[in-house]
J.: 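Right, I'll just put the structure down here and ask away after.
In what follows, chains carry the letters A, B, and so on, assigned in the order in which the sequence lines appear, proteins first and then strands, with residues in each chain numbered from 1. Below, all heavy atoms of this structure are taken into account, side chains as well, without hydrogens, waters or symmetry copies. Everything numeric in this text was worked out from a predicted model, so none of it was measured.
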Amino acid sequence: MAKRTIEPLLWLLFSAGGVASAMLIPALALLFGVAFPLGWLSPPSHEHLLAVVLHPLTRLVLFFLFMLSMFHSAHRFRFTLYDGLQIKHLNEVVNLLCYGGAVVGSVLGAYLLWQIG
Amino acid sequence: MNDRITMQVARYLPEGDAELSYQEYEVPYPREWVVLDGLNYIKDRLDGSLSYRWSCRMGICGSCGMTVNGEPKLTCATFLADYAPGPVRIEPLQNFPVIRDLVVDTGDFMRKLTSVKPWLIREEEKPLSEGEHLQTPAELDQYKQYSMCINCMLCCAACPVYGLDSEFVGPAAIALAQRYNLDGRDQGSKLRLDVLSDHEGIWGCTFVGECSKVCPENVDPAGAIQRYKLTAAMDSLKSFLMPWRGS
Amino acid sequence: MYTNYHPRWHRKPMSTYWWLERRSYLAFILREVSSVFIAWLVVFLMLLVRAVGRGDASYQQFLDWSARPLLVVLNIVSLSFVVFHAITWFNLAPKAMVVYVRQRPVPGHLIAASNYLAWAVASGLVAWLVLGG
Amino acid sequence: MSNHHDVLLVGGGGAGLRAAIEIAETNSHLSIAVVSKVYPMRSHTVSAEGGAAGVIRDDDSLDEHAYDTISGGDWLCDQDSVEMFVEEAPRELLRLEHSGCPWSREPDGQIAVRAFGGMKNKRTWFAADKTGFHMLHTLFQTSLKYKSVVRYDEWFVTKLLVDDGRVYGVVAIELMSGRIEAITAGAVILCTGGCGRVFPFTTNANIKNGDGMSLAYRAGAPLADMEFIQYHPTGLPFTGILITEATRAEGGYLINKNGDRYLQDYGLGKPEPKPVLRSMELGPRDRLSQAFVKEVEKGHAVDTDFGPVVHLDLRHLGEELINRKLPFVRELCLKYENIDPVTELIPVRPVVHYMMGGVHTDMNGATSLAGLYAAGEVACVSINGANRLGSNSLSEILVFGARAGRAAAEYASSHTDTSTAVLAQAADERNRLQQRFTRKRSGERIADLRDEMQKTMEQSAGIYRSGESLSQAADTLHELQDRFASVTIEDDSRTFNTERISALELAYMLDVAETIVNSALRREESRGAHQRTDFPARDDKRYLAHTLIHREPDGSCRVEYLPVTITRWPPAERIYGT
Ligand SMILES: Cc1cc2nc3c(=O)[nH]c(=O)nc-3n(C[C@H](O)[C@H](O)[C@H](O)COP(=O)(O)OP(=O)(O)OC[C@H]3O[C@@H](n4cnc5c(N)ncnc54)[C@H](O)[C@@H]3O)c2cc1C
Ligand code: SF4
Ligand code: F3S
Ligand code: FES
């Protein structure tokens with residue numbers, strides 16, 4: 001039996017992240033990145049937001065959203081570097097940078113969400 | 001006279017040339033002439049030394065693929081009049097080494113095609129005396145689309161990854177592997193998975209999607225690859241989570 | 001056979017700017033570049049969560065910070081990239097997923113449509129939660 | 001440098017690949033070479049649309065298939081070969097199913113069959129209307145799994161190496177590099193397909209130049225029944241693209257400019273709304289093409305820029321049926337004629353399609369030269385007689401490809417001796433090619449000579465012929481042979497020199513054209529596809545016989561006749577439409 005690479009698993013993470021980020025990030029980015037800063041809508045009170053974030057389900061969803069989106073980005077960015085800049089020969093560095101970043105980001109995200117409560 | 005169109009044809013002679021050059025020819029272009037008719041006119045009447053491949057002139061043998069005004073096309077299914085008033089530029093297919101004029105080396109393509117084991121694999125042959133394998137029209141439809149590939153290589157010429165990454169198996173070969181995987185009579189998907197999933201086979205594809213856009217037979221190799229990735233990934237996940245169930 | 005590796009065949013290397021050669025390639029690269037902006041937005045949201053966790057003051061600080069013009073511009077650009085990502089993603093999804101209902105493949109546009117529906121519902125849910133339902 | 005194999009196949013079409021697979025499966029230690037001037041999957045088998053005949057239904061019988069074939073061939077078929085053929089055909093088609101060929105199916109999953117011209121029962125297997133394409137790709141992909149099959153892709157065979165009445169191999173040019181090599185073998189099978197390009201208006205691809213017929217003829221093997229050329233009644237004007245007979249089998253009508261189903265005037269039955277087997281539009285091809293000529297004479301055809309046409313009417317079949325069973329026809333009409341058969345009439349006219357004659361072989365594909373075999377359209381076994389029935393030839397390439405493969409493998413296993421004389425011959429051939437086909441700028445253009453040959457053939461050896469036109473044509477062809485000696489070659493590169501190949505192909509076609517014209521001239525009767533205006537009746541007394549044409553050392557031809565093998569079906573009148 002031939003060896004198995006982890007490429008398929010990375011691809012699964014990429015895909016899941018693609019769905020998660022497409023479903024949830026636009027709304028969040030629209031609200032917090034554009035609508036509140038520009039004053040189109042008034043931001044929710046701290047108390048309300050805290051309550052929402054403290055809900056275990058929200059924390060779970062946010063964790064997966066952060067982690068998967070990071071892996072999504074890492075994977076896609078890796079291939080953009082390969083193909084766009086034609087630096088496939090540097091793949092070890094690129095991999096370390098991309099997925100390493102995603103792992104660090106995910107751990108940070110988990111820590112953040114954990115320590116609020 | 002404006003009943004002629006200028007064809008700028010790429011020329012390359014390995015004996016002398018270091019680079020492609022372009023030669024211009026004026027050819028007639030009646031409504032029913034395809035680009036290939038223009039090339040044949042050049043070869044027969046103007047310049048016998050032009051080299052290119054063709055055979056069926058009905059879009060089925062897959063030999064006449066070239067780059068027409070930057071797009072990969074079957075020259076026997078692309079009408080000259082659509083490019084009026086011209087000029088129309090004819091170059092060899094991209095992403096393949098050029099042997100001569102409009103002729104490219106297809107060796108890489110053929111090797112990759114063979115590597116995915118594109119034939120029916122059975123654990124046990126059914127004896128002829130037992131008749132046919134039953135296959136309902138719906139079962140046939142599962143793989144039919146992927147069996148329509150004429151090996152014209154337009155998809156590979158359109159795919160940047162095929163040009164950038166020499167390891168990438170390419171859209172046509174993967175679609176063909178998928179054709180057999182989805183055929184109910186076949187039992188070889190595991191074997192093909194080993195070939196495809198364990199190296200650059202499919203993971204190099206970043207879903208540029210151009211392959212499906214240029215395919216003259218609507219094979220949709222891009223779709224085949226994504227579907228295949230999903231199957232391969234699920235398969236990996238299973239053997240990752242349940243290693244004891246591995247084959 | 002020796003001719004397979006013939007040195008005299010003409011090989012044109014891909015140009016570094018190949019993705020400028022066709023509009024569809026450019027669209028592809030833009031789609032891929034969305035990854036950078038998604039990564040940024042994740043960081044941005046994580047900062048938000050941190051601020052919320054640290055109390056009202058730091059939440060207000062975050063709100064002020066996020067209203068700085070440069071940041072707003074960055075976020076508008078990022079938002080357009082994620083939306084581009086979302087649209088291409090939902091449009092292409094039917095290619096990877098062939099769903100069969102009663103032995104017949106569900107047409108691609110229906111799958112895409114159901115994706116868009118899910119997107120709308122998810123966005124509505126987010127807005128409802130954030131804005132205080 | 002020389003390459004040696006046990007069996008060498010010239011041609012990678014359906015017949016060649018079937019033979020290769022047969023040998024690889026039965027004799028895995030034999031080394032098999034497939035030498036083909038195009039990549040195998042580009043071979044012209046790829047363009048066959050309609051289907052392949054083989055009895056599978058319970059209400060059908062082998063005898064009926066044999067009878068349809070024999071009467072369709074106007075009793076010129078060898079009946080022992082036909083009986084063997086109809087018996088083996090279903091097994092061959094089934095074998096292809098086991099290799100993955102995507103045959104069209106009935107709702108319950110069984111193989112579906114359709115009606116075809118001249119066949120009294122539904123027995124034509126099909127894969128929508130791309131049957132040849134699917135068959136060829138299935139065979140090609142299957143052949144990839146055998147290590148003992150060595151492919152010489154894009155190698156062009158220029159000569160058979162013969163010593164003392166036995167064939168030892170070939171000389172071929174590798175297109176990519178231009179090198180000329182001898183490839184020797186214990187046995188050689190010619191599978192080079194037909195020669196439609198001898199005519200100007202044909203369904204045949206650019207590669208169908210009668211190469212194998214000329215190779216065998218020059219090597220001393222006789223060609224059989226070369227005067228029988230099939231015109232297919234429904235080709236698209238200008239391109240000659242074929243509109244498959246399956247359109248009529250599914251219920252299409254042929255109508256003239258007055259909207260009449262004119263076939264009723266030519267003894268082909270009465271018009272019925274639904275297709276009736278062996279009647280009207282489902283009559284044999286020779287009769288339908290002849291009826292077209294008569295309609296033109298009566299002024300009932302429609303004039304177009306590309307000559308007179310009649311119309312094929314599919315409109316009443318409906319979009320759903322057309323999409324399901326004839327999608328390629330719709331695609332071709334839309335692409336090349338800008339016509340949608342769902343709502344519009346398709347203009348069609350007879351077009352040169354198939355060669356009944358070819359290298360004379362026995363039932364095992366053996367020719368009169370030891371070690372030389374032939375199978376497929378290049379061969380004349382003969383099961384097609386004076387007129388081939390549609391869908392018999394895709395089955396023929398399988399049945400006789402396999403048989404020739406077995407016979408050649410056996411021969412090669414028991415004849416392992418080699419000849420040194422042929423290496424000297426190969427050296428001579430190399431010199432000839434180098435001198436003869438290198439740059440020469442003074443003479444006439446290849447295309448001009450080719451056009452003249454094609455025009456001559458159309459005018460004198462078309463659907464109707466006469467002694468006068470044929471003997472004139474013989475003179476013209478003779479003269480063209482002379483002029484060919486100084487033909488212009490502008491290309492002096494060794495690499496992928498397609499002009500040199502075109503010149504060699506023209507030489508083959510001139511040989512074949514001569515044999516056609518001379519065979520037709522000698523046959524003073526009308527039978528099947530050979531219609532003489534000066535001898536309008538069939539003459540079983542003198543011509544219930546195969547024409548065998550030999551090449552004399554001085555280049556002239558000698559014709560002799562060989563009796564037809566009759567087993568159970570004595571010659572009778574051909575009756576259709578009842
Ligand atoms: C448009 C069309 C539709 C048809 N439809 C049907 C149908 O529905 N049913 C049916 O039964 N029949 C049909 N036929 C007929 C049938 O397809 C052919 O008779 C059959 O495919 C011939 O197969 P083959 O293997 O003999 O030759 P081909 O497939 O023509 O192969 C010839 C091979 O020989 C090689 N070759 C030739 N010369 C040389 C050389 N000098 N050196 C090296 N290699 C050489 C070529 O490269 C090629 O590989 C159709 C034919 C046409 C043209
Ligand atoms: S998938 Fe389409 S484009 Fe690619 S080789 Fe096959 S037919 Fe040609
Ligand atoms: S163009 Fe190339 S990257 Fe994938 S989707 Fe098609 S193979
Ligand atoms: S010549 Fe055959 S596909 Fe164009």
J.: Kindly determine whether V130(C) and F32(A) satisfy side-chain contact (heavy atoms from CB on, under 4.5 Å), including the steps that lead there.
T.: CA-CA 10 Å; V130(C) 169; F32(A) 288 100; 3.7 Å; yes

J.: Given a strict heavy-atom distance threshold of 4.5 Å, which part of L108(A) is in contact with chain C: side chain, backbone, both, or neither?
T.: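 For L108(A), heavy atoms of backbone and side chain both lie under 4.5 Å from chain C.
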
J.: What closest approach, in Å, do M46(C) and G105(A) show between heavy atoms, and which atom pair accounts for it?
T.: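 Shortest heavy-atom contact: CE-O, 3.7 Å.
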
J.: Given that the side chain runs from C-beta out, which part of A120(C) has a heavy atom under 4.5 Å from chain A: side chain, backbone, both or neither?
T.: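 Neither; nothing under 4.5 Å.
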
J.: Take the angle between the ring planes of W89(C) and H72(A) and call it parallel below 30°, perpendicular above 60°, tilted in between.
T.: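 Rings of W89(C) and H72(A): perpendicular, as their planes differ by over 60°.
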
J.: For W65(C) together with F36(A), are the ring centres under 6.0 Å from each other?
T.: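 Distance test on ring centres: not under 6.0 Å, no.
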
J.: If you draw a 6.0 Å radius around OH in Y116(C), do more than 12 non-hydrogen atoms from other residues or ligands fall strictly inside?
T.: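 Buried by this count: over 12 neighbours within 6.0 Å.
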
J.: Given side-chain contact (heavy atoms from CB on, under 4.5 Å), test V42(C) with I25(A) step by step and report yes or no.
T.: CA-CA 8 Å; V42(C) 169; I25(A) 294 189; 4.1 Å; yes

J.: Which residue out of A86(C), G55(C), A67(C) racks up the most heavy-atom pairs below 4.5 Å with chain A?
T.: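 Highest number of heavy-atom pairs under 4.5 Å: G55(C).
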
J.: Quick check on the interface: out of S15(A), G17(A), G101(A), A35(A), who has the most heavy-atom pairs with chain C under 4.5 Å?
T.: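 It is S15(A).
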
J.: Which one of G84(A), A74(A), G39(A) has the most heavy-atom pairs closer than 4.5 Å to chain C?
T.: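 The residue among G84(A), A74(A), G39(A) with the greatest pair count is G84(A).
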
J.: Taking the inter-plane angle between the rings of H46(A) and Y59(C) on a 0 to 90° scale, is it parallel (under 30°), tilted (30 to 60°) or perpendicular (over 60°)?
T.: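 Tilted.
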
J.: So, the side chain of H48(A) versus the backbone of L129(C): is there a donor-acceptor pair under 3.5 Å, distance only?
T.: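 Here the side-chain-to-backbone pair exists.
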
J.: Measure across S73(A) and A39(C) and return the closest heavy-atom pair with its distance rounded to 0.1 Å.
T.: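 Taking every non-hydrogen atom into account, OG-N, 3.4 Å.
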
J.: Which of the residues V33(C), V82(C), L71(C) is involved in the greatest number of heavy-atom pairs with chain A at under 4.5 angstrom?
T.: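 Sorted descending by pairs with chain A, the first entry is V82(C).
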
J.: Could you check if a side-chain atom of L79(C) sits within less than 4.5 angstrom of a side-chain atom of L30(A), using non-hydrogen atoms only?
T.: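 Of all side-chain heavy-atom pairs linking L30(A) with L79(C), at least one is under 4.5 Å.
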
J.: NE2/H75(A) to CD/E32(C) distance, rounded to the nearest 0.5 angstrom?
T.: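 Output value for this atom pair is 9.5 Å.
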
J.: Quick one: CG on L125(C) to CG on L24(A), what's the gap to the nearest 0.5 Å?
T.: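 L125(C) CG to L24(A) CG: 9.0 Å, rounded to 0.5 Å.
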
J.: Evaluate whether atom CD of E47(A) has more than 12 neighbouring non-hydrogen atoms of other residues, nucleotides or ligands under 6.0 angstrom away.
T.: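 No, CD of E47(A) has 12 or fewer neighbouring heavy atoms, counting only those of other groups under 6.0 Å.
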
J.: Given that the side chain runs from C-beta out, which part of R54(C) has a heavy atom under 4.5 Å from chain A: side chain, backbone, both or neither?
T.: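 No part of R54(C) comes within 4.5 Å of chain A.
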
J.: Is chain A contacted by the side chain of S34(C), its backbone, both, or neither, given a heavy-atom distance below 4.5 Å?
T.: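 It is the side chain, since no backbone atom gets that close.
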
J.: Tell me, side chain or backbone of L45(C) under 4.5 Å from chain A's heavy atoms, or both, or neither?
T.: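 Contact with chain A involves both backbone and side-chain atoms of L45(C).
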
J.: Does F66(A), at its CZ atom, have more than 12 non-hydrogen atoms belonging to other residues, nucleotides or ligands within less than 6.0 Å?
T.: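 Correct, the count exceeds 12.
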
J.: Please state whether the side chain, the backbone, both or neither of L41(C) comes within less than 4.5 Å of a heavy atom of chain A.
T.: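 For L41(C), side-chain heavy atoms alone lie under 4.5 Å from chain A.
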
J.: Is Y25(C) close to chain A through its backbone or its side chain, or both, or neither, when contacts mean heavy atoms under 4.5 Å?
T.: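 Neither part.
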
J.: Determine the option with the most heavy-atom pairs under 4.5 angstrom with chain A, choosing from W19(C), W18(C), Y17(C).
T.: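 Winner by heavy-atom pair count: W18(C).
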
J.: If you count heavy-atom pairs under 4.5 Å with chain A, which of L63(C), V83(C), L48(C), T16(C) comes out on top?
T.: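 Most heavy-atom pairs under 4.5 Å with chain A: L48(C).
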
J.: Measure distances from S15(C) to the heavy atoms of chain A and classify the residue's part below 4.5 Å as side chain, backbone, both or neither.
T.: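 Just its backbone gets close to chain A.
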
J.: Return the option, out of S42(A), S45(A), S21(A), with the maximum number of heavy-atom pairs under 4.5 Å with chain C.
T.: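 So the answer, after comparing S42(A), S45(A), S21(A), is S21(A).
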
J.: What closest approach, in Å, do G53(C) and L50(A) show between heavy atoms, and which atom pair accounts for it?
T.: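 Smallest interatomic distance, heavy atoms only, reads CA-CD1, 4.3 Å.
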
J.: If I measure from the heavy atoms of chain C, does F14(A) come under 4.5 Å with its side chain, its backbone, both, or neither?
T.: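 Backbone plus side chain of F14(A), per the 4.5 Å heavy-atom cut-off to chain C.
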
J.: Give, for atom CG of L49(A) and atom CZ of F62(C), the distance between the pair rounded to the nearest 0.5 Å.
T.: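 So the gap between those two atoms works out to 10.0 Å.
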
J.: Side chain from CB out, backbone as N, CA, C, O: work out which of these in T58(A) comes under 4.5 Å of a heavy atom of chain C, or both, or neither.
T.: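 The answer is neither part of T58(A).
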
J.: Could you tell me whether the side chain of I116(A) reaches within less than 4.5 Å of the side chain of V52(C), counting heavy atoms only?
T.: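 Side chain of V52(C) against side chain of I116(A), heavy atoms only: no contact under 4.5 Å found.
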
J.: Heavy atoms only: give me the nearest H85(C)-G18(A) pair and the separation to one decimal.
T.: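 Answer, listing the atom of H85(C) first, then G18(A): NE2-O, 3.1 Å.
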
J.: Locate the shortest heavy-atom distance separating M14(C) from Q86(A); write the atom from each residue and the value.
T.: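 That closest heavy-atom pairing would be O-NE2, 3.3 Å.
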
J.: Looking at every heavy atom in both M23(A) and W119(C), which two are closest together, and how far apart are they?
T.: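 Closest approach of M23(A) to W119(C): O-CD1, 3.5 Å.
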
